[in-house]
Peer 1: 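Below is the structure I would like to discuss, written out as structure tokens.
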Amino acid sequence: MQPLSAEIALGKTPILKEPRLIDEWVLWLEQRPHEGGRTTALIRPWGRSDLIPQELTPSPHNLRSRVHDYGGGVIATSSKGDQLVIVWVDDSESCLWMQSWQGLHNVGTGKQPLLKPAHKPIRLSSREKILLADGLIDLPRQRWLGVMEAGERDFLVTFSLNREHQSPTVLYQPKDFIGYAALSPKGDQLAWVEWNQSAMPWDSSELWWAQLDDSGEFIEKALLAGSNPNQTKNKSVFQPMWLSSGELAVSEDSNGWWNVMVLGPGIKPQTSYLWRRLWPMELEAAMPQWVYGMSTKAAAGDQILSAICDSGSWQLSLLNPDGSTQLLDQPFDDIAGLHGRPGRAVAIASNSFKGPGILELDTKLLTWQHTQTIDPIMDE
């Protein structure tokens with residue numbers, strides 16, 4: 001093994017962020033020092049590190065959010081059939097943009113399969129003094145749902161995917177800060193994290209839940225976990241995530257360690273909730289939430305794939321429904337941005353000898369590959 005190159009050590013290589021799996025494709029963000037720090041979205045077929053990735057958001061687009069100054073959470077993705085939909089926050093006037101692409105089914109055709117734009121990029125938001133971040137695409141309702149910071153306050157807002165130059169529609173206003181919204185598989189429930197001044201989210205935060213009607217409005221909401229005004233001990237929660245079963249998973253630290261726990265299915269407002277703490281360990285299954293878009297766990301069918309930290313060193317483990325765990329054999333000890341689907345996962349991974357790259361992991365065959373940055377295709 002060779003030591004890290006001078007380019008990596010001096011920060012002259014692109015920074016990779018927010019990877020995700022979309023059907024048979026891998027998408028990620030790349031911040032490029034040679035372009036003044038501009039961030040763009042790249043995509044290529046799963047497992048095809050031999051292919052040059054396709055750039056979806058060429059210059060002058062610059063994917064960046066500035067909510068709470070730290071930003072993060074700049075892109076949302078969704079797919080249906082052959083179509084990919086992406087919505088991103090552009091640093092130019094902090095506006096929200098959307099574009100659809102076709103060709104997801106072409107993954108196995110040709111030497112260099114490429115997605116074709118279904119239309120030109122559309123600016124969804126009007127030019128207002130607001131900041132946007134940490135969104136998701138609610139495709140059945142044709143809307144983007146995410147965080148807006150305006151007048152030093154946070155709001156949960158929506159934008160239609162079918163109109164240009166909109167003002168935001170406010171869905172919900174927390175007491176102070178909000179983020180990490182997650183929509184249930186059926187689209188009828190929403191979970192999110194709130195935290196209040198002057199606490200940081202890793203010190204004290206709350207997991208909230210709402211039932212949604214057909215139009216996506218709140219029917220009722222409830223505090224599910226985390227710090228409670230009636231309790232003296234501070235608790236924090238990290239990254240709510242829905243499982244295909246309708247269960248809700250979150251990392252929570254009431255035992256002194258961020259451990260994963262599960263609730264549901266069939267969540268109903270009540271005074272207490274039967275959380276199942278199946279994997280107690282004196283290890284961390286979360287990290288301090290500095291920016292939006294952070295992820296340490298991913299749904300993997302009836303399992304949860306979790307990044308777990310032991311004395312500053314990260315590893316990957318499958319958490320089984322019966323409470324057992326399975327450590328995955330891979331050589332990286334710095335893992336971030338974990339995202340997955342049944343049988344597969346991606347993350348940004350590195351170690352002392354290998355700089356950050358896209359880690360593609362087959363959780364059934366227990367194989368992996370790691371790809372560092374190469375020059376992308378510049379689309380016209």
Side-chain angles (χ1 to χ4, degrees), residues 16-20 68 70 72-73 134 177 179-180 182 191-195 199-207 224-228 231 233-243 247-263 273 275-300 303-340 345-352 356 359 361 363 368:
L16 309 180
K17 304 176 182 179
E18 300 186 36
R20 64 197 64 198
H68 306 159
Y70 299 112
D134 198 37
F177 306 108
Y180 282 78
W192 67 91
V193 176
E194 293 187 26
W195 63 101
M200 301 304 285
W202 55 86
D203 292 323
S204 177
S205 54
E206 305 165 348
L207 175 65
L224 296 186
S227 290
N228 189 308
Q231 298 173 341
K233 182 181 178 181
N234 285 332
K235 304 173 187 176
S236 68
V237 292
F238 178 85
Q239 193 200 349
M241 179 186 71
W242 294 94
L243 307 180
E247 296 169 296
L248 179 64
V250 74
S251 300
E252 187 258 12
D253 70 346
S254 59
N255 70 345
W257 303 85
W258 274 312
N259 285 181
V260 178
M261 60 183 191
V262 179
L263 177 66
Y273 297 92
W275 286 96
R276 302 192 303 283
R277 304 171 189 271
L278 300 174
W279 310 280
M281 56 184 75
E282 293 186 356
L283 303 169
E284 307 284 12
M287 59 179 63
Q289 180 187 302
W290 284 101
V291 297
Y292 289 123
M294 301 172 71
S295 173
T296 59
K297 57 183 175 292
Q303 300 170 303
I304 295 173
L305 178 63
S306 179
I308 296 173
C309 188
D310 182 5
S311 302
S313 179
W314 289 88
Q315 56 192 10
L316 288 172
S317 184
L318 281 170
L319 311 181
N320 299 311
D322 62 1
S324 64
T325 63
Q326 179 184 0
L327 187 65
L328 300 185
D329 184 22
Q330 53 81 38
F332 301 100
D333 56 18
D334 190 354
I335 299 169
L338 184 63
H339 188 264
V346 292
I348 307 299
S350 63
N351 58 27
S352 299
L359 173 65
L361 186 70
T363 57
W368 59 269

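The first residue of the sequence shown is numbered 1, and numbering continues consecutively from there.
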Peer 1: Backbone N or O of Lys297 within a donor-acceptor pair of the Gln239 side chain at under 3.5 Å?
Peer 2: yes
Peer 1: Does a side-chain heavy-atom distance below 4.5 Å link Ser317 with Ser306?
Peer 2: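 No; the side chains remain at least 4.5 Å from each other.
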Peer 1: Report, as yes or no, whether the 6.0 Å neighbourhood of atom CG on Asp322 holds more than 12 heavy atoms from other residues, nucleotides or ligands.
Peer 2: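 Atom CG in Asp322 is packed in, count exceeds 12.
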Peer 1: Rounded to the nearest 0.5 Å, what separation is found between the CG atom of Asp329 and the CG atom of Leu316?
Peer 2: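 Between Asp329 CG and Leu316 CG, I get 11.0 Å after rounding to 0.5 Å.
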Peer 1: At what distance, to the nearest 0.5 angstrom, does CG of Asp203 lie from OG of Ser227?
Peer 2: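 Going from the CG atom of Asp203 to the OG atom of Ser227 covers 9.0 Å.
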Peer 1: Heavy atoms, side chains only, cut-off 4.5 Å: are Trp314 and Thr296 in contact?
Peer 2: yes
Peer 1: Quick check: closest heavy atoms across Tyr180 and Val193, and the distance to 0.1 Å?
Peer 2: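 Of all heavy-atom pairs spanning Tyr180 and Val193, the closest is CB-CG2, 4.2 Å.
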Peer 1: Side chains of Leu207 and Trp275: does their closest heavy-atom pair fall under 4.5 Å?
Peer 2: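 Yes, at least one pair of side-chain atoms sits under 4.5 Å.
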Peer 1: For residues Gln303 and Asn320, report the shortest heavy-atom separation together with the two atoms involved.
Peer 2: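 So the two residues come closest at NE2-OD1, 2.6 Å.
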Peer 1: Heavy-atom distance under 4.5 Å between the side chains of Pro288 and Trp258, does that happen here?
Peer 2: yes
Peer 1: To check you understand the geometry: which heavy-atom pair defines the closest contact between Gln315 and Leu283, and what is its length?
Peer 2: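 The pair with the smallest heavy-atom distance is NE2-CD1, 4.3 Å.
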Peer 1: Please check: side-chain N/O of Trp242 versus main-chain N/O of Ala182, any donor-acceptor pairing under 3.5 Å?
Peer 2: yes
Peer 1: Indicate yes or no: at least one non-hydrogen side-chain atom of Leu16 is less than 4.5 angstrom from one of Ile348.
Peer 2: yes
Peer 1: Using side-chain heavy atoms (C-beta onward) and a distance below 4.5 Å, is Arg20 in contact with Ser295?
Peer 2: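 A side-chain contact under 4.5 Å is absent here.
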Peer 1: Search all heavy atoms of Met281 against all heavy atoms of Trp257 and return the closest pair with its distance.
Peer 2: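 Between these two residues, the closest heavy atoms are O-CB, 3.7 Å.
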Peer 1: Check Gly179 against Tyr292 and note the closest heavy-atom contact, atom names and distance.
Peer 2: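 Heavy atoms only, the tightest pair is CA-CE2, 3.6 Å.
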Peer 1: Closer than 3.5 angstrom, by distance alone: can the side chain of Asn351 be matched with the main-chain N or O of Pro331 as a donor-acceptor pair?
Peer 2: yes
Peer 1: Walk me through it: do Met261 and Val250 pass the test side chain to side chain contact (heavy atoms under 4.5 Å, CB included)?
Peer 2: CA-CA 6 Å; Met261 60 183 191; Val250 74; 3.9 Å; yes
Peer 1: I'd like to know if the side chain of Glu18 reaches the main chain of Gly73, judged simply by a donor and an acceptor atom lying under 3.5 Å from each other, with no hydrogens or angles considered.
Peer 2: yes
Peer 1: Tell me whether Asp253 contacts the main-chain N or O of Lys235 through its side chain, where contact means a donor paired with an acceptor under 3.5 Å.
Peer 2: no
Peer 1: Got a donor-acceptor contact below 3.5 angstrom from the Ser205 side chain to the Glu194 backbone?
Peer 2: no
Peer 1: Check the pair Trp195 / Trp202 against ring-ring contact (aromatic ring centres under 6.0 Å, His included), numbers first and verdict last.
Peer 2: CA-CA 9 Å; Trp195 63 101; Trp202 55 86; 9.2 Å; no
Peer 1: So do the side chains of Pro19 and His339 get within less than 4.5 Å of each other, counting heavy atoms only?
Peer 2: no
Peer 1: For Ala249 and Ile304, which heavy atoms make the closest approach, and how far apart are they?
Peer 2: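 So the minimum-distance heavy-atom pair works out to CB-CD1, 3.9 Å.
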Peer 1: Taking the side chain as everything from C-beta on, heavy atoms only, tell me whether Leu338 gets closer than 4.5 Å to Leu305.
Peer 2: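 They are in side-chain contact.
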Peer 1: Rounded to the nearest 0.5 Å, what separation is found between the CG atom of Asn259 and the CD atom of Glu284?
Peer 2: 8.0 Å
Peer 1: Kindly say whether Ser350 contributes a backbone atom to a donor-acceptor pair with the side chain of Asp334 at under 3.5 angstrom?
Peer 2: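 Checking the backbone N and O of Ser350 against the side chain of Asp334, no donor-acceptor pair under 3.5 Å is found.
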Peer 1: Taking the side chain from Ser251 and the backbone from Ala285, do they hold a donor-acceptor pair closer than 3.5 Å?
Peer 2: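 Indeed, once roles are kept as given, a pair shorter than 3.5 Å links the two residues.
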Peer 1: Would Leu328 and Thr363 count as a side chain to side chain contact (heavy atoms under 4.5 Å, CB included) if you check the C-alpha gap in whole Å, the side-chain angles of each, and the deciding distance to 0.1 Å?
Peer 2: CA-CA 8 Å; Leu328 300 185; Thr363 57; 4.2 Å; yes
